[in-house]
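The structure under discussion appears below in the form of structure tokens.
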Amino acid sequence: MAFFLVLLGCAVALVVIGAVVDGMLYLLSTGVLVVIAAVLYLVVRSVSRSRRRPAH
């Protein structure tokens, strides 16, 4: 969970800097990609956790 929060924090910082500073649109797009990666990481982690539980 800490890794997800670090990724999310970095993404928010990149998006804010990319949106505010003129000519830094590539940071905005990088931030969006990091958000997508963080969400995918969370989904994969939750799916793998649900499959590890033994069926009774």
Side-chain angles (χ1 to χ4, degrees):
M1 190 67 174
F3 184 66
F4 171 73
L5 292 176
V6 168
L7 277 178
L8 201 58
C10 290
V12 168
L14 287 172
V15 167
V16 168
I17 292 170
V20 172
V21 178
D22 190 34
M24 296 283 195
L25 194 57
Y26 66 94
L27 284 180
L28 179 68
S29 59
T30 303
V32 170
L33 289 175
V34 172
V35 167
I36 292 170
V39 169
L40 286 175
Y41 170 76
L42 192 64
V43 167
V44 167
R45 188 171 174 226
S46 67
V47 167
S48 67
R49 276 189 172 188
S50 67
R51 288 186 181 177
R52 271 194 269 164
R53 293 184 182 154
H56 287 21

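Side chains included, hydrogens not; waters and symmetry mates left out as well; all remaining heavy atoms used.
Between the CG atom of Leu42 and the CG atom of Leu5 there is a distance of 9.0 Å, given to the nearest 0.5 Å. Annotation: the span from Met24 atom CE to Leu14 atom CG amounts to 10.5 Å, rounded to 0.5 Å. Here the straight-line distance linking atom CG of Leu33 with atom OH of Tyr26 works out to 14.5 Å at 0.5 Å rounding. Rounding to the nearest 0.5 angstrom, the gap separating the CD1 atom in Ile36 from the CG atom in Leu7 is 12.5 Å. A distance of 6.0 Å separates CZ of Phe3 from OH of Tyr41, quoted to the nearest 0.5 Å.
Criterion: ILVMFWY side-chain heavy atoms under 4.5 Å apart, direct or through other members. Under it, Val34 and Phe4 are part of a common hydrophobic cluster. Clustering ILVMFWY residues whenever any of their side-chain heavy atoms sit less than 4.5 angstrom apart, transitively, puts Val15 in the very cluster that holds Leu25. Leu40 and Leu8 fall into different hydrophobic clusters, where Ile, Leu, Val, Met, Phe, Trp and Tyr residues are linked whenever their side-chain heavy atoms come under 4.5 Å apart, directly or through other members.
Listed here is the closest heavy atom pair of Gly31 and Ala11: O-CB, 3.5 Å.
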